[in-house]
Amino acid sequence: MIKAVMVMNTQGKSRLAKFYEYLSVEKQQELIRGVFSVLCSRAENVSNFIDAESIFGLDSRLVYKHFATLYFVFVFDSSENELAVLDLIQVFVETLDKCFQNVCELDIVFNYSKIHTILDEMVFGGQVVETSSSEIMKAVEEISKLEAASNAISLIPKSASGWRSR
Amino acid sequence: MGSQGGFYQSKEFLDLVKSIGEARSKAEEDRIVLSEIETLKRRISEPDTPKRKMKEYIIRLVYVEMLGHDASFGYIHAVKMTHDDTLLVKRTGYLAVTLFLNEDHDLIILIVNTIQKDLKSDNYLVVCVALNAVCKLINEETIPAVLPQIVELLAHPKEAVRKKAIMALHRFYQKSPSSVSHLVSNFRKRLCDNDPGVMGATLCPLFDLITNDVNSYKDLVISFVSILKQVAERRLPKAYDYHQMPAPFIQIKLLKILALLGSGDKQASENMYTVVGDIFRKCDSSSNIGNAVLYECICCVSSIYPNPKLLESAADAISRFLKSDSHNLKYMGIDALGRLIKISPEIAEQHQLAVIDCLEDPDDTLKRKTFELLYKMTKSTNVEVIVDRMIDYMISINDNHYKTEIASRCVELAEQFAPSNQWFIQTMNKVFEHAGDLVNIKVAHNLMRLIAEGFGEDDNTADSQLRSSAVESYLYILGEPKLPSVFLQVICWVLGEYGTADGKYSASYITGKLCDVAEAYSNDETVKAYAVTALMKIYAFEIAAGRMVDMLPECHSLMEEFLASHSTDLQQRAYELQAVIGLDAHAVESIMPSDASCEDIEVDKALSFLNGYIQESIEKGAQPYIPESERSGMLNISNFRNQDHHEASSHGLRFEAYELPKQTVQARIPPASLASTELVPVPEPVYPRESYQTTTVPSVSSDAASTELKLRLDGVQKKWGRQTHFPSTSTSNSTSQKTVNGITQVDGSNTANSRTRETYDSRKQVEISPEKQKLAASLFGGPSKTEKKSATGHKSSKPSSHMVKSHAPKSSMEVASEKTSPVQQPPDLLDFGEPTVKSTAPSLDPFKDLEGLLEPTTQVSSAVNHSSTAAVTKSPDIMGLYTETPAGAHHKDSDILSGLSNSPMTNMVGGTTTMQVAQTSKSPNLKDSLEKDALVRQMGVTPSSQNPNLFKDLLG
């Protein structure tokens, strides 16, 4: 299963952190720092895989991908395949790209909850549920639409909103 | 910002993000965040905050927490938001709680109800978001509260909901398998879901279920295979294509599942061969995802019951990976190689250069993976090179975690394959020196034991040489500034036992060194204790030898210090030393016999010598002994530990039986001894557990020290005993034999790459030998033996590469058997089997492929015969396995071949490779043709059609 998904920029600032097993805030920070210190010591043109056991404990692997100013990091165990996870990152980024048209770091910062929505459509409870970026997009768009609708409705008196959402 | 999602952010939030982004130091960032927290705290608790504002505050809270600050004051507000009717607000609330809370948080109770309600919502998005929360927030106790609804949702019309419901169930399974054990059939049902997404999601829980219990799911093999087939044939909607690959992620999951189901199951595996072969062919190796699928195929092939054809495809794929420029692919290639060599050890040798390149690659990840591979490939012939490399690498890194791991691997390999004890000691020294504190203490004990016991044979000179060299190396190493404690303990012990044994060093020199150690590491009590005991031994040996003992001044001062030490252990040792020095030669000789660390001390555990005494006591009214376990209220006694036990071992023991009836005992026994031993029932097991530190009681001390050591190490001992002794001899044979094959191979690749570097030579052998050994061991005792002599002569023009390949099927059989029986067997088998196997074993293969169909029974029986002759000498269980496997293998192979190949011709190709092996020793005619074929292969052309010559021979 997937243990964690992180997005951080090249300065080590965390842009997204999602852990599929509960960890305390301090522990999360520690891991993020640990990951970053490994990432920034990696040369260009080396593999995208890192042996993460020293950071995350036994049976953990880490795959990262570097896009512009961002690192996308997935941490997972032996039930996933490294190359496939690399493509999962690709799917994730492609989806973000479709969603924001030329995604950049700022999009991720400012659309924090949307990023989570997208990720939740892909990875659910630590398992990969959807790998088709168009399917993910469809789901996310639908959510946005309904959310927008419900938001508009919420301005109307409560009873009406209850009626509409049926 | 280009956000089209309509997630509104206020100016404040933008400013916050911006200022954090611009913060120049962590402190500045912290300050900004803290003031943000203050603002949020104030705002969030204001009454009548509009929902939209509230939503934004919560998002800001999440953001703040992501930056590592405590946002717990807002948790309750997030929980409240989940109760909201508005989807947007609800979703935000759920997002926040899933990020904030864990399943055991107090606030969860407030959410469970909402979740229950939301799971029933007719808005599927609400259901989805609730399911998401279920995954994260429901713990074992609350599972029953939501379980019925989740099960209902498995039939929800929306596929997104079904998918997530499955995942939620999966999560429950992970958290508490028993809670959903009655629902497992649902997973099976969902496998047939109309929606491929749901089907794909179902594979996740099934994978887990199958991992835990393969046998209950064997019936699904056919289904999985047919799904995989359909996926590979692009029957899924285009939406699932990814980079021109049909649903690669589903393929990968399926392959993983098949690997589990087919492992060690021939019948199940046979169903998979066709589809896996198809995927091998269809995979687009130019895209990353294509390679991911290929890699998974390799994993699958190496896990299921071996099939030669698939193994060949796998080997091809691996060589493509290794030749690639991409580090990722190299990494996967190395990993795959590690898997495949378990089955066909010979394939590694084709890739030696690639492996070495990876080893020298600057990429740490790749390097480590390669070390892992080498670790798997280590044999007694290459252990020196591999361990040396590992140690070099170990020294070069700072990562303690990995350092520990690699150090323990070095130790393990050295223990298993050490070519000589001397080498072993040197290697251990290096490991201790550089990673001493990371190594398990047992390793140190093992090392001491080895030095004490030597080869375990009668060769005393070799033993004493070993000790002398150990002593010498330690005296040298002591010059190093900072040594790990464990290592120092070893050094002290060895110097104490053997420092003066060969007469090369004087007692005063050694004692001087020991005093230095004790002084230099004055805050390490254990080391000091070791040093004092070592001093005592040296002095005792001196006295026993009739020489005058002349204590060095520094030793005197050291003793004075220890006599007043706070550590009672040190004090006691110092007093003992004093006492021993005062004794005459004869007494010392008997308490501290020289080189007696290996003597056994017989312990009469039944204490039979006390019988008379007991009888007497009982007659006088004492109560009989009640075993400790049957007593109540006395359990704490067993806590008595080391300190008492020395006493106990010398004289206290005999009273233990009587501790209960105190009065009578008191009457009988001299009060002095009673006082100390009264309540000490000294449970037997404690005794062996006591260790090297036992020097308290002079009469046993030196003996005790070592025997105890010995006892202690018993578990480990086997490993040592077995591995050093017989395998090292036999394996070395086999490996050298194999080198022949390897070298031919190497040369081929060398010339091909035109980079024959001197340096590679030594390493080459590293790669070469292991797989050869295994290979030859498993199959070709004979042929490889014949080539043994030429082994060192390089480039024997034999078509060895083919032989190698052809082994695949058989070796895999062997591997299977190896798994059950101890690993050491193959080499032995090899040694014995040569004469018979040579002619016979090889002939099995070809027949199997070609004619197995016609007359399988005879083949099989002959196979059995041969193998048994080979194995008889060796070990019965291998034989047993063998007798079974060949039969299986034959059928299988023939089936596959007939199934897979388009024409008998192609079959032949498969057959010929196998055949060649046999032929080397058989007919010269064939040999020629083989050589030709070999040549062709070396040129890099895989004969796609049959070699006519070969055919003739094969068909007779």
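Naming convention: chains lettered A, B, ... in sequence-line order (proteins, then strands); numbering from 1 in each chain. Everything numeric here is computed off the predicted structure, so don't read it as measured data.
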Using side-chain heavy atoms (C-beta onward) and a distance below 4.5 Å, is [X] in contact with [Y]?
X: B:Leu131; Y: A:Phe124; answer: yes
X: A:Gln127; Y: B:Arg171; answer: no
X: B:Thr365; Y: A:Val46; answer: no

Heavy-atom distances under 4.5 Å only: say whether [X] touches chain A with side chain, backbone, both or neither.
X: B:Ile166; value: neither
X: B:Val62; value: both
X: B:Lys256; value: side chain
X: B:Tyr124; value: side chain
X: B:Lys158; value: side chain
X: B:Glu103; value: neither
X: B:Ala23; value: backbone
X: B:Ala239; value: both
X: B:Leu101; value: backbone

Between [atom1] on residue [X] and [atom2] on residue [Y], distance to nearest 0.5 Å:
X: A:Glu135; Y: B:Lys163; atom1: CD; atom2: NZ; value: 6.5 Å
X: B:Thr98; Y: A:Tyr22; atom1: OG1; atom2: OH; value: 12.0 Å
X: A:Ser47; Y: B:Ile334; atom1: OG; atom2: CD1; value: 11.5 Å
X: A:Leu83; Y: B:Ser326; atom1: CG; atom2: OG; value: 7.5 Å
X: B:Cys128; Y: A:Asp120; atom1: SG; atom2: CG; value: 10.5 Å
X: B:Met66; Y: A:Gln29; atom1: CE; atom2: CD; value: 8.5 Å

Non-hydrogen atoms of chain B under 4.5 Å away: do they reach the side chain of [X], the backbone, both or neither?
X: A:Ala43; result: neither
X: A:Val140; result: neither
X: A:Val25; result: side chain
X: A:Glu94; result: side chain
X: A:Ser79; result: both
X: A:Leu88; result: both

Of all pairs that satisfy salt bridge (Lys or Arg N to Asp or Glu O under 4.0 Å), the ones with a partner from residues 29-51 of chain A, not counting sequence neighbours:
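Those involving residues 29-51 of chain A are A:Lys27-A:Glu30, A:Arg42-B:Asp363, A:Asp51-B:Arg368.
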Please, which pairs that meet ring-ring contact (aromatic ring centres under 6.0 Å, His included) have at least one residue in residues 39-58 of chain A, sequence neighbours excluded?
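Only A:Phe49-B:Tyr331 qualify under ring-ring contact (aromatic ring centres under 6.0 Å, His included).
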How would you list, in number order, the residues of residues 245-255 of chain B that have a heavy atom less than 4.5 Å from chain A?
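So far as heavy atoms go, B:Phe249, B:Ile252, B:Lys253 are the residues that approach chain A to under 4.5 Å.
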Among the listed options A:Gln28, A:Glu26, A:Gln90, the residue most often paired with chain B at heavy-atom distances under 4.5 Å:
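Among the listed options, the one with the most contacts to chain B is A:Gln90.
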For the candidates B:Lys18, B:His243, B:Lys330, which exhibits the highest count of non-hydrogen atom pairs separated by less than 4.5 Å from chain A?
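Highest number of pairs under 4.5 Å: B:His243.
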Give the member of B:Arg91, B:Lys136, B:Glu296, B:Glu65 that has the highest number of heavy-atom pairs under 4.5 Å with chain A.
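That would be B:Arg91.
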Side chains of A:Asn81 and B:Tyr295 only: does a donor on one sit below 3.5 Å from an acceptor on the other?
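No - no donor-acceptor pair under 3.5 Å links their side chains.
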Go through the steps to decide whether A:Glu121 and B:Lys164 satisfy the test salt bridge (charged side-chain N to carboxylate O under 4.0 Å, His left out), and finish with yes or no.
CA-CA 9 Å; A:Glu121 287 302 312; B:Lys164 288 175 180 174; 2.8 Å; yes
Using a heavy-atom distance cut-off of less than 4.5 Å, which residues of residues 9-20 of chain A contact chain B?
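So far as heavy atoms go, A:Lys13, A:Ser14, A:Arg15, A:Leu16, A:Ala17, A:Lys18, A:Phe19, A:Tyr20 are the residues that approach chain B to under 4.5 Å.
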Closest approach of A:Ala84 to B:Ala292 (non-hydrogen atoms, all atoms of both residues)
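Nearest heavy atoms, A:Ala84 then B:Ala292: N-CB, 3.7 Å.
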Please confirm whether the backbone N or O of A:Asn45 pairs with a side-chain atom of B:His327, one donor and one acceptor, at under 3.5 Å?
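Yes; judged by distance alone, with no hydrogens or angles, the pair exists.
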